[in-house]
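Just so you know, these numbers come straight off a predicted model, no measurement behind them.
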Amino acid sequence: MPGLLSPIQRFDESTGISKAVWTALLANAARANLILPHAEKVFGRQKSTPRIVATGQLWLVYSKPGTSEIQFILSCTEGLLDKYPLFIVPTIPIADLTPELLKTSMEAMCSALLNEPGFKKERVFSIFSVEEVTEAFALAWEKLAKIDRFKDPYYDAIFSVCTKRTLVPQQRAARPSEDVVLEPRPAVEQDAEQIAMLCLDFAATSPPFILTIEKAREEARLLIANKQVWVLEIQKRNGKPEIATIVAVTRKSDGVATITKVYTPEKWRGKGCAERLVRHVCIELLEKYKQIVLYVGVDNSAKVVYDRVGFQGLKDGSLSSERWLEIGFDQSKVELGHW
């Protein structure tokens, strides 16, 4: 375990997380959406969501040397379906991420992981954080763990926020169609198989994190049981209703909810389904939460949809954009998880 003068602190499911770290996470709740809600579930701090009982939960915290000022929080955790990537949340302004700070802090994080009793470096299959942090961590991990990174990122995304102030409540006029679009609604048990197939198809668009049909069915069951997924159905004339779009919201903390999955099968695209359902979910969530956040790929055409709903920083050239990057490591030397 690092000494008292080390800038690194470690926490796990047995030690708990210190008050100072909870305070830092809550103060950065939107950016910490990848870490805070999961930690709250592990330690039973969320009344509406079942507690996660799983070993292998580890958090590393980097503070400015010689002080108690927390600058980075890293999570190496596991959910109900599989192990997550490493997530790192900076708790200081992006403008303060100097090359020297990034090199020093990320090398310290990597060394702490490699010196963690029982930790296997194969566990680090990818890293997701703001672009500057991800690049610095990947460079340090290659150097210290001797595992090469992939040149092309798994995910190159923009972090975006929607609030009551930015929400665009009006709906564009529906495109002429003989199909009947039903009202958006929370998913129910009877939707499980359709949602499972949509989860399977969604994962297939995000290699290497594909799902088996068994895992997709388990994901659908959990989404429905935890009231984390909404659906929009379309009914063709004389036909049965079909789910045309799903929206999942699996991470929630005080004041912040995260849209983690939006998927429309190809046969229903171009009909405005995703925009309608995302707007409906945002309106509903903003009654309870101050911010709705999501990540969207920089080349994903869905940016236009989210922009129309009221998510910020998605227009080309936007100065408010915050770029996040996921970099993977040599798959022959790591054990892939899923998120």
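- Residues satisfying the side-chain hydrogen bond (donor to acceptor under 3.5 Å, both in side chains) criterion with Ser126, sequence neighbours excluded, are Glu326.
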Side-chain polar contacts of residues 80-91 - donor-acceptor pairs under 3.5 angstrom, sequence neighbours left out - could you list them?
residue, atom, partner, partner atom, Å
Thr91, OG1, Ile70, O, 2.6
Thr91, OG1, Gln71, O, 3.4

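- When only modelled atom types and interatomic distance are considered, Tyr295 and Asn33 share a side-chain donor-acceptor pair under 3.5 Å.
- With sequence neighbours left out, the side-chain contact (heavy atoms from CB on, under 4.5 Å) criterion links Val298 to Asp156, Ile158, Arg323.
- Residues Glu219 and Lys261 have side chains in contact (heavy-atom distance under 4.5 Å, counting atoms from C-beta outward).
- Under the side-chain contact (heavy atoms from CB on, under 4.5 Å) criterion, Asp96 pairs with Ile92, Pro93, sequence neighbours left out.
- Looking at residues two or more places apart in sequence or on another chain, you find a side-chain hydrogen bond (donor to acceptor under 3.5 Å, both in side chains) between Glu218 and Arg221.
- Judged as a side-chain contact (heavy atoms from CB on, under 4.5 Å), and not counting sequence neighbours, the contacts of Thr23 are Lys19.
- Contacts of Glu135 classified as side-chain hydrogen bond (donor to acceptor under 3.5 Å, both in side chains), with partners at least two apart in sequence or in another chain: Arg149.
- Every residue two or more places apart in sequence or in another chain that forms a side-chain contact (heavy atoms from CB on, under 4.5 Å) with Asp201 is listed here: Tyr263.
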Stepwise salt bridge (charged side-chain N to carboxylate O under 4.0 Å, His left out) check, Glu242 with Lys267: CA-CA 11 Å; Glu242 292 184 46; Lys267 68 179 287 188; 3.2 Å; yes
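- Think of Ile210 as one node in a network of Ile, Leu, Val, Met, Phe, Trp and Tyr side chains linked at under 4.5 Å; it has no links at all.
- Of the charged side-chain nitrogens involved, none lies within less than 4.0 Å of a carboxylate oxygen, so that Lys121 and Glu116 do not count as a salt-bridged pair.
- Judged purely by distance below 3.5 Å, without hydrogens or angles, the side chains of Gln57 and His38 pair a donor atom with an acceptor atom.
- In this structure Glu100 satisfies the side-chain hydrogen bond (donor to acceptor under 3.5 Å, both in side chains) test with no other residue, sequence neighbours excluded.
- Counting heavy atoms from C-beta outward, Val309 and Leu167 have side chains that approach closer than 4.5 Å.
- With respect to Glu322 and Arg31, a salt bridge is recorded, a charged nitrogen being found less than 4.0 Å from a carboxylate O.
- Evaluation of the ring-ring contact (aromatic ring centres under 6.0 Å, His included) rule for Phe11 yields no partner, not counting sequence neighbours.
- Evaluation of the ring pair (Phe, Tyr, Trp, His ring centres under 6.0 Å) test over residues 51-73, restricted to residues two or more places apart or in two chains, returns Phe43-Trp59.
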